[in-house]
Protein chains: 2
Amino acid sequence: MPQADPDRSVFRAIADPTRRAILDRLRLGPAPVNELAAAFSQSRPAISKHLRILRELNVVSEQKYGRERLYRLEPAELKDVADWILPYRDFWQASLGNLKSYLEQE
Amino acid sequence: MPQADPDRSVFRAIADPTRRAILDRLRLGPAPVNELAAAFSQSRPAISKHLRILRELNVVSEQKYGRERLYRLEPAELKDVADWILPYRDFWQASLGNLKSYLEQE
DNA sequence: ATAATACGTATCCATTTGGTTACGTATTAT
DNA sequence: ATAATACGTAACCAAATGGATACGTATTAT
């Protein structure tokens with residue numbers, strides 16, 4: 001039984017590098033699909049599919065303006081990622097601390 | 001031409017919920033494979049495959065102790081996730097701020 | 001020496017993923 | 001009215017993913 005429940009979390013949204021790049025672009029401000037697609041060496045429908053996933057996982061929202069669709073960053077769900085990663089912070093800070101004291105031994 | 005370059009980033013490591021759970025467990029301390037596998041309703045080889053991916057993406061390390069393999073969290077790569085998510089923080093804080101002032105208008 | 005344990009790996013399989021081209025539709029330009 | 005633009009979606013496809021079972025090997029227990 002391969003995979004009963006497909007992952008609906010925001011982690012799937014950011015798993016793909018193209019989708020991360022789209023989000024990075026949207027951080028600068030809303031953009032229509034064509035502008036987003038122009039930045040990648042992929043077909044526009046491919047970008048549309050990525051946008052659909054981002055939409056369904058509520059990481060972006062869409063607004064119709066004439067024949068364009070403005071895509072806008074909806075960062076609320078991304079907070080889940082930040083929340084998940086947070087407890088790990090102590091670990092790499094500890095490691096960096098160890099490295100620091102190791103270097104200072106020289 | 002579907003996908004020239006497979007994603008080797010840490011984002012792939014944390015894309016799968018089982019792997020995130022493994023990492024969460026390892027935050028409490030190193031563990032042998034059987035203990036990790038016991039926590040999931042998956043076969044041990046399935047967990048071994050997840051561990052291999054986590055190993056290859058340098059999110060965990062393996063150390064042989066007798067016939068056991070101790071897996072340990074290696075959080076350095078996870079910092080990339082934290083670094084990536086960081087700039088988005090301003091956005092959801094802004095949204096929460098807006099909500100707050102909206103509520104205070106009442 | 002033999003059996004049991006703790007793994008990793010090989011093989012196989014169904015599903016998902018991420019891409020493509022072809023096409024349909026709403027909106028704007030001519 | 002007709003053409004062009006800006007999309008979304010459908011159909012299709014190869015590769016990747018995540019699972020299972022079967023098996024091999026090193027280590028420990030008997």
Side-chain angles (χ1 to χ4, degrees), chain A residues 1-26 29-72, chain B residues 1-26 29-72:
Chain A
M1 232 171 289
Q3 201 85 324
D5 130 70
D7 193 5
R8 290 265 162 271
S9 81
V10 64
F11 290 94
R12 198 190 145 231
I14 65 167
D16 183 87
T18 301
R19 288 198 290 270
R20 287 198 302 279
I22 289 175
L23 293 177
D24 286 342
R25 164 60 189 83
L26 290 181
V33 177
N34 269 344
E35 187 191 320
L36 295 172
F40 303 94
S41 54
Q42 290 178 14
S43 66
R44 188 190 42 73
I47 302 299
S48 269
K49 282 178 66 172
H50 282 306
L51 288 171
R52 181 182 191 160
I53 291 171
L54 292 173
R55 244 188 296 134
E56 287 176 349
L57 297 178
N58 300 307
V59 187
V60 304
S61 64
E62 180 208 271
Q63 195 172 6
K64 229 182 140 180
Y65 270 115
R67 55 187 164 181
E68 290 190 338
R69 318 269 179 122
L70 253 292
Y71 277 84
R72 186 181 311 268
Chain B
M1 237 170 287
Q3 200 87 323
D5 131 69
D7 194 5
R8 290 264 163 272
S9 80
V10 64
F11 290 94
R12 193 185 151 235
I14 66 167
D16 183 86
T18 301
R19 289 198 289 269
R20 286 198 303 279
I22 290 175
L23 294 177
D24 286 341
R25 163 61 189 82
L26 290 181
V33 176
N34 268 345
E35 186 190 319
L36 295 172
F40 302 95
S41 54
Q42 290 178 16
S43 67
R44 187 190 42 73
I47 303 298
S48 268
K49 281 178 65 172
H50 283 307
L51 288 172
R52 179 180 193 164
I53 291 170
L54 292 173
R55 242 188 297 134
E56 288 177 349
L57 297 177
N58 301 307
V59 186
V60 305
S61 63
E62 181 209 271
Q63 194 172 6
K64 230 180 139 180
Y65 270 113
R67 56 187 163 181
E68 290 190 339
R69 320 268 179 123
L70 253 292
Y71 277 84
R72 187 182 310 271

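First the proteins, then the strands, lettered A, B, ... as listed; each starts at 1. Note that the structure is predicted; figures quoted are calculated from it, not measured.
Here the C1' atom of nucleotide D:dC7 and the CG atom of A:Leu70 are 13 Å apart, to the nearest Å. Rounded to an integer number of Å, the gap from CG of B:Leu51 to P of D:dG19 is 12 Å. Between the P atom of C:dT17 and the CZ atom of A:Arg8 lies a distance of 8 Å, rounded to the nearest Å. Atom P of nucleotide C:dC7 and atom CZ of B:Arg69 are separated by 8 Å, given to the nearest angstrom. In this structure, A:Leu54 places its CG atom 15 Å from C1' of D:dG8, rounding to the nearest Å. Whole-Å rounding puts the A:Phe11 CZ to D:dG18 C1' distance at 19 Å. Taking atom CD on B:Glu56 and atom P on C:dT9, their separation rounds to 9 Å, with Å as the unit. Computed from coordinates, the A:Glu68 CD to D:dT5 P distance equals 13 Å when rounded to whole Å.
A:Asp24 is linked by a side-chain hydrogen bond (donor to acceptor under 3.5 Å, both in side chains) to B:Trp84, B:Tyr88, counting only residues two or more places apart in sequence or in another chain. With sequence neighbours left out, the side-chain hydrogen bond (donor to acceptor under 3.5 Å, both in side chains) criterion links A:Arg12 to no other residue. Residues that satisfy the side-chain hydrogen bond (donor to acceptor under 3.5 Å, both in side chains) test with B:Ser61, not counting sequence neighbours, are B:Glu74. For B:Ser43, the side-chain hydrogen bond (donor to acceptor under 3.5 Å, both in side chains) test picks out no residue, with sequence neighbours left out.
For A:Ala15 and A:Gly66, each mapped to the nucleotide of DNA chain C holding its nearest heavy atom, the one lying further toward the 5' end belongs to A:Ala15. Along DNA chain D, the nucleotide closest to A:Arg52 and the one closest to A:Arg67 are compared, and the more 5′ of them pairs with A:Arg67.
Pairing each heavy atom of A:Thr18 with each of A:His50, the nearest pair is CG2-CD2, 3.8 Å. Minimum interatomic distance between B:Ser9 and A:Arg20 (heavy atoms only, all atoms of both residues): OG-NH2, 3.6 Å. Minimum interatomic distance between A:Val60 and A:Leu51 (heavy atoms only, all atoms of both residues): CG2-O, 4.2 Å. Taking both residues in full, the closest heavy atoms of B:Leu70 and B:Pro30 are given as CD1-CB, 3.3 Å, listed atom of the first, atom of the second, then distance. Heavy-atom minimum distance, A:Arg72 versus A:Leu26: C-CD1, 4.3 Å.
Applying the salt bridge (Lys or Arg N to Asp or Glu O under 4.0 Å) test to residues at least two apart or on different chains, the pairs with a partner in residues 41-54 of chain B are B:Arg52-B:Glu56. Pairs engaging residues 58-67 of chain B under the salt bridge (Lys or Arg N to Asp or Glu O under 4.0 Å) rule: B:Arg55-B:Glu62, B:Glu62-B:Arg69 [sequence neighbours left out].
Taking only side-chain nitrogens and oxygens, A:Arg12 comes nearer than 4.0 Å to OP1 or OP2 of C:dT17. Between A:His50 and C:dG19 there is a side-chain N or O to OP1 or OP2 distance below 4.0 Å. At the phosphate of D:dG18, OP1 or OP2 sits under 4.0 Å from a side-chain N or O atom of B:Arg19.
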Check: residues 31-41 of chain A side-chain donor-acceptor pairs under 3.5 Å, at least two apart:
from, atom 1, to, atom 2, distance (Å)
A:Glu35, OE2, A:Arg25, NE, 3.0
A:Glu35, OE2, A:Arg25, NH2, 2.5

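Not a single donor-acceptor contact under 3.5 angstrom links the side-chain atoms of A:Lys49 to the base of D:dG8.
Taken residue by residue, residues 33-48 of chain B places heavy atoms nearer than 4.0 Å to DNA chain C at B:Val33, B:Asn34, B:Arg44, B:Pro45, B:Ser48. Contacts between residues 58-65 of chain B and DNA chain C, counted as heavy-atom distances below 4.0 Å, involve B:Glu62.
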Please convert DNA chain D into dot-bracket. A pair counts if it is Watson-Crick or G-U wobble with both distances under 3.5 Å; crossing pairs go in [ ] and bases paired with another strand get |. ||||||||||||||||||||||||||||||
